[in-house]
Amino acid sequence: MLKEGGIYPAVIEGYASGGEGVARIEGMAVFVRGALRGERADVFIEHIGHSAAWGRVERLRLPSPARVEPDCPYFGRCGGCQLRHMAYAEELEAKRRRVEDALRRIGGADLPVSVIHGAEHTLRYRNKVQFPVAQGAVGYYQGGTHRVVDIADCLLQPGADTLYRAAFKGWMERFRVPAYDERTGKGLVRHLFLRTNAAGEALCCVVANGKKLPHEGELVEALRAAAPGLAGVVLSVNTQKTNVILGRELRVLWGRDWLEEELCGHVFRLSVPSFFQVNREQTQVLYRRVLDFAGLTGKETVVELYCGIGTISLTLAERAGQVIGVEVVPQAVADARENARRGGLEDKARFECGDAAVLASRLEQEGARPDVVVVDPPRKGLAPGVAETVARMAPARVVYVSCDPATLARDVKRLAALGYAPVRAEAVDLFPRTAHVETVCRLDRTP
């Protein structure tokens, strides 16, 4: 019988959703941190749950040929990356299998994931970074905890972000600015938010438990001196005792509160709360797959639910007759409308603000009969009622863009029961060296 603190020989059979190796020991599934498929290892059991256990490699007896030396000194402490010990080819195959397995086990769909589109660049690809702040530390959370690891440089972020982070931390130390303590609700600075674009510009947002920062002028000076290209410094007021990062009140301390980014031939305006994929190069790959899956000829009406600032909607509008985007965040809708106007697509793309389920139902009541529905929901998947409303609108095709294979598979099963059969699925690696993966799945209405 498996015991906590015990060491057991094991063969690693595959991967869990978080990138851990999976072994079966004494009849129980064990998730093994740092293990690769095919390896033989002695596993130390750290915790035993009701149906599974968790452990780590105590001794590696037969390493995988896919094992590599991690290139980051923080790997294993920082929770940002999970796969830096794995060759990239192995990472891609693990992610492809994860999507395929989820569709089969959870979605009941015997649908091969025919390809995963890997990234040409696996370093310095993130255009948005959110550093949690603790006393004496500006970095990332340790895996599975809210302890902040002080990280001088991260291989996923642009080099300019490293300089801005150092300047910001120096400002905190110089003026003894207190960090927020989420246990007590006391202290001031909660997060440092950085957004960059392909032109080398940056937007810096400080999230604070208060309406004002001490020595705001000195902070602006320090950030402007850190690196060229700073476009603006913004204060986000978040006085709530919550894990939500950004507050609702924003105040510009210097410069402007937006950036512009080019994507698939369109220029988008991004404010601090705007959703925008963190990997620009791979996002263009993803959107090309969405466009291909949608099968547009130039006459179709398309509805996109969870449209954000309109990045997918405006890409689709080039080949559709009309696109209607639906998004719950007012600022994102305002950005989407402005992006459509600036791109000369305001006659072909309109954007509505509200809950996806409510607005989809309203569109149905108004007689909207889209040829294609595209959904790009958050990690939790489609909200209750959305799948049913989509089915009542009776589009010929549904294109589902997902950042979580499990919720994708759950929703594929729901849509299948409503008359939509999954026919194609491809994965796109937007987040190299982490366990996350994006998927595009097409479902066709059955006769």
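Start at 1 with the first residue, then count along the sequence.
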Under the side chain to side chain contact (heavy atoms under 4.5 Å, CB included) test against E438, which residue among Q277, Q282, R289 passes? Q277
Does the salt bridge (Lys or Arg N to Asp or Glu O under 4.0 Å) test come out yes or no for K169 and D150, once each step is laid out? CA-CA 10 Å; K169 188 181 179 189; D150 191 49; 2.7 Å; yes
Quick check: are there more than 12 heavy atoms from other residues, nucleotides or ligands sitting under 6.0 Å from CZ of R392? yes
Give a yes or no on whether the backbone of C154 and the side-chain of R124 come within a donor-acceptor separation of less than 3.5 Å. yes
Residues E260, R342: salt bridge by 4.0 Å N-O rule: yes
Over 60° means perpendicular and under 30° means parallel, so tell me whether F431 and H436 are parallel, tilted or perpendicular. perpendicular
Are the ring centres of H191 and F131 closer than 6.0 Å? no
Within 45 degrees of the axis of the six-membered ring of F75 and under 6.0 Å from its centre: does R84 put its NZ or CZ there? no
Ignoring hydrogens and geometry, is there a side-chain-to-backbone donor-acceptor pair from Y420 to P395 under 3.5 Å? yes
Do Y15 and E90 meet the criterion of a side-chain donor-acceptor pair at a distance under 3.5 Å? yes
Inspect the contact between E93 and K95 and indicate whether a charged nitrogen and a carboxylate oxygen are less than 4.0 angstrom apart. no
Side chains of E201 and T196 only: does a donor on one sit below 3.5 Å from an acceptor on the other? no
Examine the side chains of E318 and T315 and answer whether a donor and an acceptor come within less than 3.5 Å of each other. no
Contacts of E58 meeting salt bridge (charged side-chain N to carboxylate O under 4.0 Å, His left out) (sequence neighbours excluded), chain-then-number -> R56
Any sub-3.5 Å donor-acceptor pair from R195's side-chain atoms to V272's backbone N or O? yes
Side-chain H-bond candidate by donor/acceptor type, S271 with D257, under 3.5 Å: no
Salt-bridge present (R24, E13; N to O < 4.0 Å): no
Compute whether any side-chain donor of one residue and acceptor of the other, for S313 and E304, lie under 3.5 angstrom apart. yes
Verify whether one side chain among Y88 and D429 offers a donor that lies under 3.5 Å from an acceptor in the other. yes
Using a strict threshold of under 4.0 Å (side-chain N to carboxylate O), is an ion pair present between R350 and E352? yes
Do the side chains of K241 and E182 get close enough for a salt bridge, i.e. N-O under 4.0 angstrom? no
Test side chain to side chain donor-acceptor pair (under 3.5 Å) applied to R61 - qualifying residues, sequence neighbours left out: D42
For D101, give me all partners under side chain to side chain donor-acceptor pair (under 3.5 Å), at least two apart in sequence or on another chain. R104
Under the 3.5 angstrom rule, does the side chain of R397 hit a backbone N or O of A294 as a donor-acceptor pair? yes
